[in-house]
**Student:** 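Just passing along the structure, written as structure tokens.
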Amino acid sequence: MGFSFTKSLRLRKRPEFLRLQQQGGARRAITPHFVLLVAAQVGPEGPARLGVVVTRKLGGAVERNRIKRVCRECFRLSPGAFAHGVDLVVIARPGAHMLGLADVRAEWQRVLSRLRKA
RNA sequence: CGGGAUCGCCGGCCGUGCGGGUGCAGUUAUGUCGGCACGGCGGGAGGAAAGUCCGAGCUCCGUAGAGUGCGAUGCCGGGUAACACCCGGUGGCGGGAACGCCGAGGAAAGUGCAACAGAAAACAAACCGCCUGGCUCAACGUUCAAGGCGUCGCCAGGUAAGGGUGAAACGGUGGGGUAAGAGCCCACCGCGUCGACGGCAACGCCGACGGCAUGGCAAACCCCAUUGGGAGCAAGGUCGAAUAGGCAGGCGUAGCGGUCGAGAGGCCGUCGGAGGGUGACUCGCCCGAGCCUGCGGGUUGGCUGCUAGAGGGGGUCGGUAACGGCUCUCCUAGAGGAAUGAUCCCGACCGCAUAUGCGGCGACGGAUAUGCGGAACAGAACUCGGCUUA
């Protein structure tokens with residue numbers, strides 16, 4: 001497959017987010033601008049899926065949209081980074097809207113190896 | 001911000017391939033040729049999409065009856081689906097003018113407010129004054145002296161012109177009048193009442209009379225007039241799932257008559273009804289056999305509503321205009337943890353610094369090149385008309 005990113009590769013329902021955010025078996029990694037949560041999918045394994053959480057505290061709709069877009073772009077352009085059968089939730093922290101694609105990729109790269117062990 | 005390249009996203013139409021064929025995707029609802037993958041065609045954020053401050057459409061709840069309360073609006077006329085918006089007038093204020101600004105009903109219904117200053121801030125009063133009369137023991141001037149006159153002082157009275165304070169001082173200016181003064185009298189202006197005329201009206205204008213009465217603030221309470229049912233697309237419809245008398249406490253379903261029935265019981269009427277609705281309160285009205293309170297538990301999914309509309313643009317006619325009529329033409333996002341993007345290159349724009357050369361005595365102005373930085377406000381969420389803030 002190429003670098004596509006369709007609806008099936010996103011987390012779209014509230015329970016899917018809550019499963020990773022609550023104290024369950026998700027692995028957690030913290031970078032200066034993000035919190036990354038990774039856990040195995042329930043049911044049949046598919047490609048890795050992404051969900052992004054950006055609260056209102058981080059800015060208006062424009063800033064929050066930009067954070068989501070950059071995160072999705074970063075996820076899309078590195079298909080090998082996350083294993084099959086894994087869900088990823090990214091929680092943005094203050095200042096994230098100032099980052100470009102290269103900054104996000106560099107931050108994620110530093111913690112990837114720890115998350116892979118999950 | 002514009003252009004290009006590459007990689008993507010959302011939904012529409014078309015095609016190819018794969019597997020399937022009473023199946024496929026989805027736990028179900030659902031979709032109907034769909035599902036997955038790839039390709040093609042054409043579409044995809046704003047002037048404010050924002051704040052959610054007004055006004056509507058649409059939807060449901062409801063029946064709105066009366067009184068009280070609460071909110072909104074507040075010169076007049078018009079536009080509009082409607083408005084607190086828009087247009088045109090009137091009046092006021094500012095300005096030399098062009099023009100600009102204006103929450104612009106009522107202060108003789110009542111309550112209240114006015115710092116500082118000032119004598120006094122509202123049934124007027126009298127600080128410095130002005131004037132009249134009286135007193136003369138004493139003081140001064142005039143005089144040879146007394147008296148008289150004047151100054152000063154004290155007492156009684158008349159005044160509100162002048163001074164001074166203030167945002168504002170009980171009509172203004174000028175003249176007459178007077179001891180001094182005062183609408184005391186007169187002219188003009190203002191104000192009030194009445195009448196005529198013009199205007200749909202706000203109002204204007206003219207005349208007569210009154211002799212000043214009614215100081216200001218209503219974005220202080222208030223009064224008056226007009227007006228307002230509530231909630232909002234998580235509205236609502238539909239399908240599905242789950243909970244469905246799990247526990248504890250409290251209140252009630254009384255009765256009577258008729259009728260059907262073998263009975264249990266059902267239906268109708270009357271009375272009684274815990275509680276609920278009428279989202280402010282009271283009355284009234286309506287529902288009513290189960291309801292209320294606390295604890296605990298579960299679902300918050302699919303389709304629809306969902307985008308062609310008080311729609312945009314052109315022409316023409318009516319109107320001072322807002323706008324309206326007729327006609328032609330265009331189709332322009334529909335997401336749902338939420339699409340409309342990311343990266344790179346090039347080019348414009350702005351700011352700063354440096355360099356070069358130009359104009360000018362100079363402060364400086366503007367030009368080119370290079371480097372660095374910036375590039376706003378902000379993201380549709382049912383749809384429109386406004387306002388406001390960026």
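Naming: A, B, ... by sequence-line order, numbering from 1 per chain.
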**Student:** List every contact pair, protein side and nucleotides 45-47 of chain B side both N or O, where the distance is under 3.5 Å.
**Tutor:**
none

**Student:** May I have the distance from A/L77 (atom CG) to B/rC344 (atom C1'), rounded to whole angstrom?
**Tutor:**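 Roughly 13 Å, once rounded to whole Å.
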
**Student:** Any residue in residues 92-107 of chain A with a heavy atom nearer than 4.0 angstrom to RNA chain B? Just list them by number, or reply none.
**Tutor:** A/L101

**Student:** Between B/rG96 and B/rA168, how many Å separate the two C1' atoms, rounded to a whole number?
**Tutor:** 29 Å

**Student:** Is there a residue in residues 55-64 of chain A whose heavy atoms reach under 4.0 Å of RNA chain B, and which residues are they?
**Tutor:**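 Residues of residues 55-64 of chain A under 4.0 Å from RNA chain B: A/A61, A/V62.
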
**Student:** Which is true for A/V53 with a 4.0 Å heavy-atom rule: it touches a base, it touches only sugar-phosphate, or it touches nothing?
**Tutor:**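 Base contact - A/V53 has a heavy atom under 4.0 Å of at least one base atom.
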
**Student:** Now, which nucleotide makes the Watson-Crick or G-U wobble pair with B/rC256, with each of the two distances under 3.5 Å?
**Tutor:** B/rG269

**Student:** Is there a donor N/O on one and an acceptor N/O on the other, under 3.5 Å, for the side chain of A/E73 and the base of B/rG341?
**Tutor:**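 Per atom types, the contact qualifies.
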
**Student:** Within the distance-only criterion (no hydrogens, no angle test), does the side chain of A/R105 pair as donor or acceptor with the backbone N or O of A/G100 below 3.5 angstrom?
**Tutor:**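 Checking the backbone N and O of A/G100 against the side chain of A/R105, no donor-acceptor pair under 3.5 Å is found.
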
**Student:** B/rA339 C1' sits how many Å from A/R76 CZ, rounded?
**Tutor:** 14 Å

**Student:** Using the C1' atoms only, state how far B/rA109 lies from B/rC93, rounded to an integer number of Å.
**Tutor:** 31 Å

**Student:** Mind checking side chain to side chain donor-acceptor pair (under 3.5 Å) for A/H33 and listing every partner two or more places apart, or none if nothing turns up?
**Tutor:**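 Result, side chain to side chain donor-acceptor pair (under 3.5 Å) vs A/H33: A/E107.
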
**Student:** With sequence neighbours excluded, give me every side chain to side chain donor-acceptor pair (under 3.5 Å) pair touching residues 54-75 of chain A.
**Tutor:**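 For residues 54-75 of chain A: A/E73-A/R76.
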
**Student:** Using the P atom as the reference point in each nucleotide, state the distance between B/rG133 and B/rA117 in Å, no decimals.
**Tutor:** 41 Å

**Student:** Expressed as a whole number of angstroms, how long is the span from A/F75:CZ to B/rA342:C1'?
**Tutor:** 16 Å

**Student:** B/rG337 P sits how many Å from A/I91 CD1, rounded?
**Tutor:**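 Distance check: A/I91 CD1 to B/rG337 P gives 17 Å.
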
**Student:** Which residues pass the salt bridge (charged side-chain N to carboxylate O under 4.0 Å, His left out) test with A/R49, not counting sequence neighbours?
**Tutor:**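 Per chain and number, A/R49 pairs via salt bridge (charged side-chain N to carboxylate O under 4.0 Å, His left out) with A/E16, A/D87.
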
